[in-house]
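In what follows, a structure is listed as structure tokens, so that the remarks can point back to it.
Labels below follow one simple rule: chain letters A, B, ... track the order of the sequence lines, proteins then strands, and each chain is numbered from 1.
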Amino acid sequence: MSSTLFITNTLSRKKEEFKPLNPPHVGLYVCGPTVYSDVHLGNVRSFLSFDIVFRYLSYLGYKVRYVRNITDVGHLVNDADEGEDKIAKKARLEELEPMEIVQKYTNGFHDVMRIFNILPPSIEPTATGHLIEQMEMVKRIIAAGYGYEVDGSVYFDVRKYNEDHNYGELSGRNIDDLLSNTRALDGQDQKLDPLDFAIWKKAEQGHIMFWPSPWGEGFPGWHLECSAMSTKYLGNEFDIHGGGMDLKFPHHECEIAQNIGANGKNGPRIWMHGNMLTVQGRKMAKSEGNGFTPEELITGNHKLLDQGYSPMTVRFFMLQSHYGSTLDFSNDALRGAEKGYKRLMDGYETLQSLTPSGESTIDVAALKEACIDAMNDDFSTPILISKLFDGVKTINLIKTGAEKASEGDLKELKELFHDFIFDVLGFRKEDEQSGAGSDLTASLIELAISLRKAAKLNKDFTTADQIREELTKIGVTLKDNPDGTDFIIG
RNA sequence: GGUCACGUGGCCGAGCGGUUAGGCAACGGUCUGCAAAACCGUGUACAGCAGUUCAAAUCUGCUCGUGACCUCCA
């Protein structure tokens, strides 16, 4: 099999062959959530994209150290409360300790990840747990001549840095363009240049989260934690850094500057950026008010949703598009995904019940190669899914007898489906929604079904249809098949 | 205003110069007492205008439209 993985590196803007620095080990860093409010589906898409990266690299046999941080301090709000820590602000509003907020939303985040079957990372470091490392990094940046202190705050000297290196390489900007577009921010008058950004910020009056430092009491700059923690756990140079497209500038640009400034190295070789989830063509974001929480999505309790959708339906929906493309969220698309996902899983179930033949008319090896090729092409889950549907068609044809599969081929096909559906794509069998009814309910329905069966045997179709219709009215759908009658509640 | 994307058939969504993407819906068929479900099969496309090429959805230019980033944001 071809095992060359290509990944789109947003730094070079090219698809590059993936060559780990220290095979079989791979270092993967992904920007995690800021835990000051509930995560929405847009966030989920991003973490799902990198869940696939983690899963597929593992499938290929790499030993992946996957680091995904929790941002529990340090991001500023931008409105009237300029300079105040987001988490601190929320804490005051709800009269809770900052770390209470952090804990609450961290728990919520983990719950959501579990719901969508997104695997936990190998290390999940917090910003507050790495203040020492961040201060040390500030010191190194100052020592290298790229940082300066003004009244308890330390800023990164972008202009100086740009003389030696290339600020804006990742996002394709040049600092002269940027200059004409900067807006008034807190501390702007302290900076040598409007482009400079804080790597340590003095705690103003009323600020709740702050720590002593060589520059006075304050807190780390907005971009510093990822540099500090990726360096600590993955080294000055590592393989992949991922995050949402909206973090490219300034966050990731600043990370690169800090890495080079402090360590003399870029940090990651490959940058991967996941694209946005949109709603009616617009980015899903808290500020737009168009974000669904997972709960709203599952229950369908949201003004933009016609019905509820299961977590795996949503997972399937998202994986039917490439992570680098925007994906538009709509009821029609979700409904389509719901059916498609069911078709795939039904195919998997059918596969389990297939009986082997003495000969084989199918080519499992070719299918497997097609699946691997799809994933090797920049984690193309949509292509992989289309290949699995080819497999479903084959499975159904085997069932009807139009195709034949030997015992060995069947075994391989089962392995293939299991590996790709559950391990790589990360789907999970969902409980039969319908089966949620009690044993008593099920027994009563079975009773009705047996009465109907008796009526059918007597050719009393009027009674048979009446039973079926009455059941339909109370939300029970009957499905006749050669072996008997199944039912679905709801 | 600057930077960067995108515009594919009823809907979603692949496509990276020449071969059917795929799913949903629609239509036809098989099965069934009927129905539902299931299964099999089938179609319509590349925003517009020029250009490059034997060949363009795919490359180039222009036009129109949409979006992201430039400020916290996955």
Touch check for [X], heavy atoms < 4.0 angstrom, all strands: base, sugar-phosphate only, or nothing?
X	result
A/Asp465	base
A/Phe249	sugar-phosphate
A/Arg282	sugar-phosphate
A/Arg335	nothing
A/Gly42	base
A/Met276	base
A/Asp346	nothing
A/Leu334	nothing
A/Thr278	nothing
A/Leu247	sugar-phosphate
A/Lys339	sugar-phosphate

**Message:** Whether the side chain of A/Asn9 engages the backbone of A/Glu16 through a donor-acceptor N/O pair (distance < 3.5 Å, no angle test) should be reported.
**Reply:**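 No; zero donor-acceptor contacts below 3.5 Å.
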**Prompt:** Hey, is the main chain of A/Ser153 close enough, under 3.5 Å, to the side chain of A/Lys201 for a donor-acceptor pair?
**Reply:**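 Looks like no, no N/O pair under 3.5 Å.
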Quickly work out the [X] [atom1] to [N] [atom2] distance and round it to whole Å.
X	N	atom1	atom2	result
A/Arg68	B/A74	CZ	C1'	11 Å
A/Lys387	B/A21	NZ	C1'	7 Å
A/His252	B/C70	NE2	P	13 Å
A/Leu354	B/C39	CG	P	13 Å
A/Asn290	B/A74	CG	C1'	14 Å
A/Glu225	B/C72	CD	C1'	13 Å
A/Leu319	B/C12	CG	C1'	14 Å

Tell me whether the OP1 or OP2 atom of [N] has a side-chain N or O from [X] closer than 4.0 Å.
X	N	answer
A/Lys283	B/C69	yes
A/Arg13	B/C4	no
A/Lys248	B/A74	no

What's the gap between [N] and [M] when it is taken at their [atom1] atoms, as a whole Å value?
N	M	atom1	value
B/C6	B/C59	P	9 Å
B/A68	B/C49	P	28 Å
B/C4	B/G41	P	46 Å
B/G15	B/A57	C1'	8 Å
B/A25	B/C62	C1'	37 Å
B/C39	B/U44	P	24 Å
B/A14	B/A74	P	23 Å
B/G51	B/C40	C1'	46 Å

Please determine, for [N], whether a Watson-Crick or G-U wobble partner exists with both distances under 3.5 Å, and give it or none.
N	answer
B/C64	B/G7
B/A37	none
B/C70	B/G1
B/G51	B/C59
B/C16	none

**Message:** Is there aromatic stacking of A/Phe461 on B/G33 here, judged by a ring-centre distance under 5.5 Å and a plane angle under 30°?
**Reply:**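 By the stated criterion, A/Phe461 and B/G33 stack.
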**Prompt:** What string of B, S and - do you get for nucleotides 14-20 of chain B, 5' to 3', if B is base contact, S is sugar-phosphate-only contact and - is no contact with any protein heavy atom under 4.0 Å?
**Reply:** S-B----
Of the nucleotides [options], which one has an atom closest to the side chain of [X]?
X	options	answer
A/Arg468	B/C34, B/A21, B/C70	B/C34
A/Leu327	B/C73, B/G22, B/C12	B/C12
A/Arg173	B/C12, B/C69, B/A21	B/C69
A/His40	B/A21, B/G33, B/A74	B/A74
A/Asp246	B/C12, B/A74, B/C70	B/A74
A/Asp328	B/G13, B/C24, B/C34	B/G13

Between [Y] and [X], is the closest basic N to carboxylate O distance under 4.0 Å?
X	Y	value
A/Asp306	A/Arg335	yes
A/Lys393	A/Glu403	no
A/Asp51	A/Arg315	yes
A/Lys15	A/Asp378	no
A/Lys456	A/Asp460	no

**Prompt:** In terms of ring plane angle, is the pair A/Phe316 and A/Phe389 parallel, tilted or perpendicular, where the classes change at 30° and 60°?
**Reply:**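 A/Phe316 and A/Phe389: perpendicular rings.
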**Asked** Looking at residues 395-404 of chain A, who's got a heavy atom less than 4.0 Å off RNA chain B?
**Response**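 Contacting residues: A/Asn396, A/Leu397, A/Thr400.
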**Message:** Go through it in stages, so that I can follow the logic: the residues are A/Thr313 and A/Glu338, the test is side-chain hydrogen bond (donor to acceptor under 3.5 Å, both in side chains), and I'd like the CA-CA distance, side-chain angles, deciding distance and then a yes or no.
**Reply:** CA-CA 5 Å; A/Thr313 294; A/Glu338 187 171 50; 4.6 Å; no
**Asked** Is atom CD of A/Glu295 surrounded by more than 12 heavy atoms (other residues, nucleotides or ligands) closer than 6.0 Å?
**Response**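 For A/Glu295, atom CD is not crowded (no more than 12 foreign heavy atoms under 6.0 Å).
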**Asked** For atom NZ of A/Lys404, is the number of surrounding heavy atoms from other residues, nucleotides or ligands below 6.0 Å larger than 12?
**Response**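 Count not over threshold, so no.
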**Given RNA chain B, 5'-ward residue of the pair A/Gly244 and A/Ser330, judged by closest heavy atom** =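 Its nearest nucleotide being more 5', the pick is A/Ser330.
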**Prompt:** For A/Thr394 and A/Arg452, take the nucleotide of RNA chain B holding the closest heavy atom to each; which residue's nucleotide lies nearer the 5' end?
**Reply:**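 It is A/Arg452, whose closest nucleotide lies nearer the 5' terminus.
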**Request:** Run the numbers on A/Glu446 and A/Ser450 for side-chain hydrogen bond (donor to acceptor under 3.5 Å, both in side chains), then give the verdict.
**Result:** CA-CA 6 Å; A/Glu446 292 294 350; A/Ser450 63; over 6 Å; no
**Qualifying residue for side chain to side chain contact (heavy atoms under 4.5 Å, CB included) with A/Lys283, from A/Asn275, A/Asp246, A/Leu277, A/Asn290** =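 Looking at A/Asn275, A/Asp246, A/Leu277, A/Asn290, the match for A/Lys283 under the side chain to side chain contact (heavy atoms under 4.5 Å, CB included) is A/Asp246.
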**Item:** side chain to side chain donor-acceptor pair (under 3.5 Å) contacts in which one or both residues fall within residues 106-122 of chain A, not counting sequence neighbours
**Value:**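 Qualifying pairs, neighbours excluded: A/Gln103-A/Asn107, A/His110-A/Glu124, A/Asp111-A/Arg114.
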